[in-house]
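Proteins get letters first, then strands, A, B, ... in listed order; numbering begins at 1 in each. What's counted below: heavy atoms across the whole structure, side chains too, no hydrogens, waters or symmetry copies. What you see is a predicted model, and the numbers here were worked out from it, not measured in a lab.
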Protein chains: 2
Amino acid sequence: MSDGGQTEDARARLTRLHDILRSRICLLDYAPGSRLSEETLAAEFGTSRTPLRRALARLEDEGLIQTQHGVGTIVTDVDLAEMGRTYELRRELAGLAGRLSPVEVTPDIAAQAHDFVARGRELAGSPDAREFARLNMDFFHFGASLTENEALRETSERLYYRTARIWLKSIPRLNLGEEVRIFLSELEQTAAAIEGHDLLAAALIRQAHISMCEARLTG
Amino acid sequence: MSDGGQTEDARARLTRLHDILRSRICLLDYAPGSRLSEETLAAEFGTSRTPLRRALARLEDEGLIQTQHGVGTIVTDVDLAEMGRTYELRRELAGLAGRLSPVEVTPDIAAQAHDFVARGRELAGSPDAREFARLNMDFFHFGASLTENEALRETSERLYYRTARIWLKSIPRLNLGEEVRIFLSELEQTAAAIEGHDLLAAALIRQAHISMCEARLTG
DNA sequence: GGGATTTAGGTTGTGCACAACACGTCTGTA
DNA sequence: TACAGACGTGTTGTGCACAACCTAAATCCC
């Protein structure tokens, strides 16, 4: 087969398209306010508009894009007030992750935490906004995996991706090196908490950093 | 025009279809496990499958239905464990509604609260499961309107609709009259809290009732 | 010259025909 | 009878053509 022996299920393709597009939006490949073309994207992914529109529909329901008949598909922006309230909620949800169905800490989890510290140190050596965003995203998913409450995971993810691009857009306004250093500190603190099998502490650390991050963004 | 002078926007139609279908699912008009036909529904709403599928896509992303190629569209069921975790999260979110951006209590809000008490008393006079579900749904939306945090509203709504049909399905197992009495008591307590402009108390009351409701459902 | 109108181009929304797929039934064979 | 395979029926998924719509530039009229 032309796709390397892997026939792709419709659901799998939807997930793939959606994840790729979401990533591009949150990494600012598609800046807020810019327009996406269904036709162009469909051509890029080698499908017709129909399956692509299914992926766009999900992105629209998630609030990442907005379509207008006859005009186009526009990447949404978020005003400061809305972002503030979303951050508030994210902060509280982060705290809940430590109390609601935390997973049992395995050696593998601890190893992952230390990997993040290593990646953070490397990033601190040569700061790069895009790489920073990627590491942040990966670390978020790691944090989400520390609770078995699927509803909480899903909700946190939804809200994270809603604010991620705003965060990255603001990095230039702040000091990249400083932000990386703060983030590295969060990684180290988290790794220490996990080392002690204390997921509640890990959640509180995250909660504190979300709060401080929001303060820096709005301040 | 044939629709009474109101031409319907594509977005408005999507919202209408989605809300109607969601209502039917949560009111058990479409029981968990039953199959929906795109063709039949499209005919009922006087459209082609295309716009209908857009509404179904949203329902699927919300976890209310599940489609399988070549098989059909099936209304999902929820196992007890998942419901328990979703209720946990709903409980915590209800508490947050009292702390995160509560609205200012106006006379209109207080009046609405008293209307709910009146409706609850009427229901207690002649208990009916379906009417109970409707009142519960309306009261939920009222509760959601007490915070200005849109992310919190959206999230709570999402989770509410995810568990609503499980709740209604369990009513026969419990005592309908007893459940109505408990709910009426929640309405009265909430009205009193709102009377005193104390939305934090209203939120705590709701939180307590969600907790107790979950205990009755699983117990 | 200024403003209203027409027109051209590009975008998303809709309808329809067909492909891909799952499942139950029927049929032929041992 | 038991079993394997073909077949019919019904479902969702996909591709395509066209409708509905918005925008901006060109054109016409005063």
Using a heavy-atom cut-off of 4.0 Å across all strands, would you classify B:Leu36 as base, sugar-phosphate, or nothing?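 It contacts sugar-phosphate atoms only.
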Can you find a side-chain donor-acceptor pair between B:Thr163 and B:Arg90 that sits under 3.5 Å?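 B:Arg90 and B:Thr163 do have a side-chain donor-acceptor pair below 3.5 Å.
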Specify the separation, in whole Å, of atom CD of A:Glu38 and atom P of D:dT14.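 Rounded to whole Å, this separation is 15 Å.
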Does D:dG13 have its OP1 or OP2 closer than 4.0 Å to a side-chain nitrogen or oxygen of B:Arg53?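 Checking B:Arg53 against D:dG13: at least one side-chain N or O falls below 4.0 Å of OP1 or OP2.
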Applying a 4.0 Å non-hydrogen cut-off, can you work out what B:Leu14 is touching in the nucleic acid: base, sugar-phosphate, or nothing?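 Here B:Leu14 touches no strand at all.
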Is there a side-chain polar atom (N or O) of A:Ser37 under 4.0 Å from OP1 or OP2 of C:dG10?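 No, outside the criterion.
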Heavy atoms under 4.0 Å, any strand shown: does B:Glu39 hit a base, just sugar-phosphate, or nothing?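 Here B:Glu39 touches no strand at all.
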What protein N or O atoms touch nucleotides 19-21 of chain C N or O atoms at under 3.5 angstrom, if any, and at what distances?
residue: C:dA20; atom: N3; partner: B:His69; partner atom: NE2; Å: 3.0

Report the nucleotide, chosen from D:dT11, D:dT14, C:dG13, that has the shortest atom-to-atom distance to any side-chain atom of B:Arg35.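 Within the option list, the nearest is D:dT11.
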If you measure from CG on A:Leu96 to CZ on A:Arg91, what distance do you get to the nearest 0.5 Å?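 Going from the CG atom of A:Leu96 to the CZ atom of A:Arg91 covers 11.5 Å.
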For A:Arg13 and A:Arg49, find the nucleotide of DNA chain D closest to each by heavy atoms; which residue's nucleotide sits nearer the 5' end?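 The residue whose closest nucleotide sits nearer the 5' end is A:Arg13.
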What I want to check is whether the side chains of B:Thr76 and B:Arg165 have a donor and an acceptor closer together than 3.5 Å.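 On atom types as modelled, these side chains qualify, holding a pair under 3.5 Å.
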To the nearest Å, give me how far apart CD1 (B:Ile65) and P (D:dT11) are.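 About 15 Å, once rounded to whole Å.
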Let me confirm one number: the OG1-CZ distance from B:Thr67 to B:Arg35, rounded to the nearest 0.5 Å.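 Rounded to the nearest 0.5 Å, the OG1-CZ separation comes to 12.5 Å.
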Write down the distance between CG (B:Leu52) and C1' (D:dG13), rounded to a whole number of angstrom.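 Roughly 14 Å, once rounded to whole Å.
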Check for me whether the distance between the ring centres of B:Phe132 and B:Trp167 falls short of 6.0 Å.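 So the answer is yes for these two rings.
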Between D:dG13, C:dT12, C:dT14, spot the one nearest the side chain of A:Thr67, thanks.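 Among the listed nucleotides, the one closest to the side chain of A:Thr67 is C:dT12.
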Any luck finding a side-chain donor-acceptor pair between B:Gln112 and B:Asp108 under 3.5 Å?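 Looking only at side-chain atoms, B:Asp108 and B:Gln112 do form a donor-acceptor pair, the distance falling under 3.5 Å.
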Parallel, tilted or perpendicular: which fits the ring planes of B:Phe116 and B:Phe142, with parallel below 30° and perpendicular above 60°?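 Because their plane-to-plane angle lies in the 30° to 60° range, the rings of B:Phe116 and B:Phe142 count as tilted.
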How many Å lie between CZ on B:Arg11 and C1' on D:dC21, as a whole number?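 Distance check: B:Arg11 CZ to D:dC21 C1' gives 14 Å.
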Respond yes when some side-chain nitrogen or oxygen of B:Thr50 is under 4.0 Å from OP1 or OP2 of C:dT14, and no when none is.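 Answer is no, no contact under 4.0 Å.
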When the distance from CD of A:Glu60 to C1' of C:dT12 is rounded to whole Å, what number comes out?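 To the nearest whole Å, that distance equals 11 Å.
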Take the protein atom CZ of B:Phe45 and the nucleotide atom C1' of C:dG15, then report the distance between them rounded to whole Å.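 Computing the B:Phe45:CZ to C:dG15:C1' distance gives 18 Å.
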